[in-house]
2 protein chains.
Amino acid sequence: MVTLAEVARHAGVSASTVSYVLSGKRPISAVTRRRVTASIEQLGYQPHAGARALASSRSRIIALMVPLRTDMYVPVMLEIAVAVATTARAHGYDVLLLTGEEGPSALRRVTGSGLAEAVILMDVQLDDGRLPVLRTAGPPAVLVGLPADPAGLNCVDLDFRAAGALCVDHLAGLGHREIAVIGESPGVYARHTGFAERTLSGLRSRAAEREVRMLHRPCEGSHDAVAGVLARILDERPHVSAFVVQNETAVEPLLALLRRTGRAVPEDVSVVAVCADQIAAQASVPLTSVAIPAQELGRRAVERLIARLTGRPDGEGAAGVELLTPVLTVRDSSGPPPPPRTPGA
Amino acid sequence: MVTLAEVARHAGVSASTVSYVLSGKRPISAVTRRRVTASIEQLGYQPHAGARALASSRSRIIALMVPLRTDMYVPVMLEIAVAVATTARAHGYDVLLLTGEEGPSALRRVTGSGLAEAVILMDVQLDDGRLPVLRTAGPPAVLVGLPADPAGLNCVDLDFRAAGALCVDHLAGLGHREIAVIGESPGVYARHTGFAERTLSGLRSRAAEREVRMLHRPCEGSHDAVAGVLARILDERPHVSAFVVQNETAVEPLLALLRRTGRAVPEDVSVVAVCADQIAAQASVPLTSVAIPAQELGRRAVERLIARLTGRPDGEGAAGVELLTPVLTVRDSSGPPPPPRTPGA
DNA sequence: GGGGAAAGTCGAAGCGCTTCGACGACGCAT
DNA sequence: ATGCGTCGTCGAAGCGCTTCGACTTTCCCC
């Protein structure tokens, strides 16, 4: 292994000079700099990460905690993770992968040992067990997701309340008066996952404002589960003319079932989804949808962290919530409700 | 930050003693050990990762390189990654997340700087650009996937050839004489991704052996693409009585299209998939399938790496290929082919 | 009862890097 | 000319840990 000292000898300078060439923290003459960089190149020198971390107490690593369970939302999770890794690299950081399994103690471990300088948490619950650690003298952190009380925390998320409202607005604007919401699996609500509840709240309040009747049902992703939920909804509310779906795995089953029961989309019934754009676009009926900006979320999370890490303390990005504005893309699955059956007959 | 020295002072012993208590590399009396562990506990001591890595030249980190593109196979990728992280932790290792973006140079960087002791590569191509680095004095590595020439490399994968053969055997055993294979998107074959080509080769050779006629078509995941491919297959080979699908996103579209064109599964046509068990089980017709043992793959990859890292040089797990035996689970989507139409009429 | 091995502990020497203070050599204003 | 600030470089002191050799004590076996 090539060390700094060997580079220094080879270039005929002192070790500190090499270090300063590398870090740029002191002025170095052009001549010397060239000699040093040439030696570095020739010897194939790579600074030792551990030694660097020890001497500078900066590991240039951020930890990313992904949920262990994979019962939902999987492609989005991976996309966020990849965006985090890519953005972090662009800023000279590497990413350590933690699973939710170890819980809060993983944060302490990784942070207390100086392994990671900061953390990004995904899949945040409204009342997340990892939050106390972060509030009390925790490491710099950014949450992807929004807990119940974001005070003193740094959060990035899609504005799911607005997303819900947007769906209702779109449907109400088309003339729908009664809609049904097919949500994530019951477990997601039971865990009080922020995004699910916030979407719901956005849907509910906007529905109330616009005098749209609304029914919400959690739903597992399997075909059979969707069939059951759909049957019950149609039984309970025969006049439902539109569905809002927030459950990636329920999308295709729903479309298939509507088709099978002779309901045309969007002529007889409209469908609006809150899901990854790719899913919406590739569906058997391309879906009008509010996209989940996975890449953007990952990117923003890292950028906030870096700002916090490199910025003046409590300067930019110290804390606060950043909610991305949802965008609704109209595709083929939404239209005006069918004319009422009775008046014409 | 609490240091080893402070713990030593607090416990009334020397620093090296504390170190030996931690590592167990030298015998320590029970009394001393208790005093030391108590101090560690009280002070909340955590060894500094960088210092450790520097002094021992072991970072206890393994790098995991995931593909950047997410055009296929996403849930499986995440599942493998999570399994890797979990297993690694169980052995005292952490996982650094690399994306394919940086390519071979990321391997050099992370390994040359002592950041990671070893690497796991996912989504290996038959002729992967990262392989030369690994063969020539590279770091310990395990590939999840199988390149064209695995000589000198450590690989773990599902035996996709056998998986292909298994599908043919199952269908041939039921009496099918003519099948069609709906594959991954063309790009996957263009990249020469190992698993896709190996599955195909297994399908082909077994089909030849059992005198089954077979047609293979790559296919994008969108509903429209599947519709096009299906139409062409049925046009070209009207007597196809079974499909083998290796494309997670094509599964539901295919089932929907068969249904819509009045073909009952499995009465009129059988479907066998090579995909994650969850997808197969949750499909609108629960699919007979060969599962992709994502967790097992991640676990085995780490275990081989650890064996290599801790074992005597060139002892256990030095190199070689480990192929997991595929398992075919019969569900509702496969049955005997329909009786020929002519003889009865 | 004496020799040797094993147990238990300590001190010191690094591991490879960053960073601080110091120092000579300039250039500029006085 | 003299003094001061800057530039460019060096030496040395750690950062917190592991590990080696050495030392003392204990124990066992002949």
Side-chain angles (χ1 to χ4, degrees), chain A residues 1-37 39-40 43-61 92 94 109-117 310, chain B residues 1-37 39-40 43-61 92 94 109-117 310:
Chain A
M1 197 206 173
V2 188
T3 72
L4 213 187
E6 300 178 47
V7 173
R9 204 172 318 129
H10 185 271
V13 299
S14 77
S16 47
T17 300
V18 177
S19 179
Y20 287 124
V21 167
L22 252 25
S23 69
K25 292 196 176 173
R26 290 222 180 149
I28 298 288
S29 72
V31 192
T32 309
R33 193 201 322 285
R34 262 197 300 281
R35 274 225 313 286
V36 170
T37 49
S39 298
I40 287 176
L43 303 180
Y45 168 68
Q46 297 212 247
H48 187 283
R52 225 167 215 216
L54 176 57
S56 67
S57 21
R58 311 212 35 205
S59 65
R60 309 221 136 240
I61 288 182
D94 270 296
R109 182 175 63 80
V110 112
T111 249
S113 65
L115 219 195
E117 292 177 36
T310 64
Chain B
M1 197 207 172
V2 189
T3 71
L4 213 190
E6 299 177 48
V7 173
R9 204 173 317 128
H10 185 271
V13 299
S14 76
S16 47
T17 300
V18 176
S19 180
Y20 288 124
V21 166
L22 251 25
S23 69
K25 293 194 178 175
R26 290 220 179 151
I28 298 287
S29 72
V31 192
T32 309
R33 192 199 326 283
R34 262 196 299 280
R35 274 224 312 286
V36 170
T37 50
S39 297
I40 286 176
L43 303 180
Y45 167 70
Q46 298 211 246
H48 187 282
R52 224 166 216 217
L54 177 57
S56 66
S57 20
R58 310 214 33 207
S59 65
R60 308 222 136 241
I61 288 182
D94 269 297
R109 182 176 63 80
V110 112
T111 251
S113 66
L115 220 196
E117 293 177 35
T310 63

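Of all non-hydrogen atoms in A/T32 and A/V13, the two that sit nearest each other are CG2-CG1, 3.9 Å. Closest heavy-atom contact between B/Q46 and A/R109: NE2-CA, 3.4 Å. The heavy-atom pair separating A/Y45 from A/V2 by the smallest distance is CD1-O, 3.4 Å. Scanning both residues, B/V7 and B/L43, for their nearest heavy atoms gives CA-CD1, 3.9 Å. For the residue pair A/S39 and A/H10, the shortest heavy atom distance occurs at OG-ND1, 2.8 Å.
As rounded to whole Å, 14 Å separates atom C1' of C/dG16 from atom CD1 of A/I40. If you measure from atom NE2 of B/H48 to atom P of D/dC15, you get 12 Å, rounded to the nearest angstrom. As a whole-Å value, the separation of A/R33 CZ from D/dG8 C1' is 11 Å. At whole-Å resolution of the value, CZ in B/R58 and C1' in C/dG16 are 18 Å apart. The distance from atom CD of B/E6 to atom C1' of D/dG16 is 11 Å, rounded to the nearest whole Å. Between the C1' atom of C/dT9 and the CZ atom of B/R34 lies a distance of 17 Å, rounded to the nearest Å. Rounding to whole angstrom units, CZ of residue B/R35 and P of C/dC10 are separated by 8 Å. Atom pair A/L54:CG and C/dC15:C1' shows a separation of 9 Å (rounding to whole Å applied).
Taking every side-chain heavy atom of B/I28 into account, C/dT9 is the closest of C/dC17, C/dA22, C/dT9. Nearest to the side chain of B/V13, among C/dC10, C/dG16, D/dC17, sits C/dC10. Closest to the side chain of A/P27, out of D/dC10, D/dC7, C/dA7, is D/dC7. Side-chain proximity of A/S14 to C/dC17, C/dC10, D/dG11: nearest is D/dG11. In this structure, of D/dC17, C/dG8, C/dT18, it is D/dC17 that holds the atom nearest to the side chain of B/T3. Taking every side-chain heavy atom of B/Y20 into account, C/dC10 is the closest of C/dC10, D/dG16, C/dT19.
Considering only side-chain N and O atoms, B/R52 lies under 4.0 angstrom from the phosphate OP1 or OP2 of D/dT18. Using a 4.0 Å cut-off, no side-chain N or O of A/S56 falls inside it from OP1 or OP2 of D/dC15. Contact annotation: A/T17 reaches the phosphate of D/dC10 (side-chain N/O to OP1 or OP2, under 4.0 Å). Residue A/K25 places none of its side-chain N or O atoms closer than 4.0 Å to OP1 or OP2 of C/dT18.
The residue B/T32 sits close only to the backbone: its heavy atoms come under 4.0 Å of sugar-phosphate atoms, none of a base. Within 4.0 Å of B/S29, counting heavy atoms only, lie sugar-phosphate atoms of the nucleic acid but no base atom.
A donor-acceptor contact under 3.5 Å links the side chain of A/R26 to the base of C/dG21. Residue A/S16 places a side-chain atom within donor-acceptor reach of the base of D/dG11, judged by atom type and a 3.5 Å distance cut-off alone.
Where B/V31 and B/A51 meet DNA chain C, the nucleotide closest to each residue was compared, and B/V31 sits on the side nearer the 5' end.
A/R26 places no side-chain N or O within donor-acceptor distance of the main-chain N or O of A/Y20, the cut-off being under 3.5 Å.
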